[in-house]
Amino acid sequence: MGKTIFSKIIDREIPADIVYETDNILAFRDINPQAPVHILIIPKVEIPTVREVKGSEHAALLGELFDAANELAEKEGISKEGFRLVFNCDKNGGQVVYHLHMHLLGGRQMRWPPG
Ligand code: DGP
């Protein structure tokens, strides 16, 4: 299987507005933002979908994703008013890029149910 667009961003083969990086995590602004703040937070390791996530194997990595989300929400000034974290999974979930990613959305009132 070829590299996903997100692996190319991790490897700096294509540009992105990177806002956070650690040994295990990268975060960058979504190219097609759905809110004033729309950041994608991804593990550097390739995990295609939520279905491959295992608590026994990935607990620490998931913790790092949530730490990054909280840190970025604070930095972007959306922590106090609130924000939304989303993982889309497969076709019905609306997943387009098959590299696990958490959407951090904020800066406006979110609605429910989602589209
Ligand atoms: P999803 O539907 O959950 O798979 O979301 C994929 C998101 O990735 C979508 O909101 C648009 C974003 N995206 C796709 N290609 C690129 C890219 O090349 N650069 C950036 N920054 N974002 C991208």
Side-chain angles (χ1 to χ4, degrees):
M1 213 169 80
K3 266 177 135 171
T4 69
I5 199 98
F6 291 175
S7 289
K8 291 180 183 170
I9 289 174
I10 292 167
D11 292 342
R12 306 309 203 261
E13 289 171 15
I14 64 164
D17 185 357
I18 293 169
V19 291
Y20 179 97
E21 183 166 24
T22 66
D23 286 348
N24 300 321
I25 304 281
L26 190 72
F28 48 90
R29 294 192 195 280
D30 195 291
I31 206 166
N32 183 23
Q34 301 301 312
V37 176
H38 188 173
I39 292 171
L40 301 171
I41 306 168
I42 71 173
K44 289 185 177 175
V45 66
E46 285 186 40
I47 301 171
T49 80
V50 163
R51 288 183 298 104
E52 285 79 34
V53 174
K54 303 244 176 310
S56 55
E57 200 179 326
H58 300 121
L61 189 61
L62 290 176
E64 289 184 53
L65 285 177
F66 279 87
D67 283 350
N70 277 318
E71 197 174 314
L72 284 164
E74 192 71 47
K75 206 160 110 188
E76 296 286 324
I78 59 171
S79 194
K80 193 160 165 281
E81 296 294 323
F83 52 87
R84 184 171 288 178
L85 299 176
V86 174
F87 288 93
N88 295 324
C89 184
D90 282 321
K91 182 176 93 49
N92 276 5
Q95 186 173 6
V96 174
V97 180
Y98 279 75
H99 182 121
L100 187 74
H101 51 281
M102 175 194 269
H103 295 256
L104 167 63
L105 296 144
R108 68 168 170 83
Q109 179 64 55
M110 299 295 156
R111 290 171 291 277
W112 197 264

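Order of listing sets the numbers, starting from 1, for every ligand and every atom in it.
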**Student:** Using heavy-atom distances, let me know which of Tyr98, Phe28, Phe87, Phe6 sits nearest atom 8 (O) of ligand 1.
**Tutor:** Phe6

**Student:** Does any N or O in the side chain of Gln95 come within less than 3.5 Å of the main-chain N or O of Val50, such that one atom is a donor and the other an acceptor?
**Tutor:** no

**Student:** Does Asn88, backbone or side chain, put an N or O under 3.5 Å from an N or O of ligand 1?
**Tutor:** yes

**Student:** Using a 3.5 Å cut-off on N or O atoms only, is Leu40 in polar contact with ligand 1?
**Tutor:** no

**Student:** What's the spacing between Ile9 CD1 and Ile18 CD1 if we round to 0.5 Å?
**Tutor:** 7.5 Å

**Student:** So, regarding Ile5 and ligand 1 (criterion: nitrogen or oxygen to nitrogen or oxygen, under 3.5 Å), is there a contact or not?
**Tutor:** no

**Student:** Looking at Arg108 and Gly106, would you say the former's side chain and the latter's main chain have a donor-acceptor pair under 3.5 Å?
**Tutor:** no

**Student:** Taking side chain to side chain donor-acceptor pair (under 3.5 Å) as the cut-off, I'd like each qualifying pair that reaches into residues 56-67, sequence neighbours left out, listed once.
**Tutor:** Asn24-Glu64

**Student:** So which heavy atom in the protein is nearest atom 11 (C) of ligand 1, and how far is it from that ligand atom?
**Tutor:** Asp30 OD1, 3.2 Å

**Student:** Using distance alone, decide if ligand 1 has a nitrogen or oxygen within less than 3.5 Å of any nitrogen or oxygen in Asn32.
**Tutor:** no

**Student:** Lys8 near ligand 1, heavy-atom distance under 4.0 Å?
**Tutor:** no

**Student:** Which option out of Met102, His101, His99 puts a heavy atom nearest to atom 3 (O) of ligand 1?
**Tutor:** His101

**Student:** Check contact between Ile9 and ligand 1, using heavy atoms of the residue and a distance below 4.0 angstrom.
**Tutor:** yes

**Student:** Got a sec, which residues hit salt bridge (charged side-chain N to carboxylate O under 4.0 Å, His left out) with Arg29, two or more places apart in sequence or on another chain?
**Tutor:** Asp17, Glu76

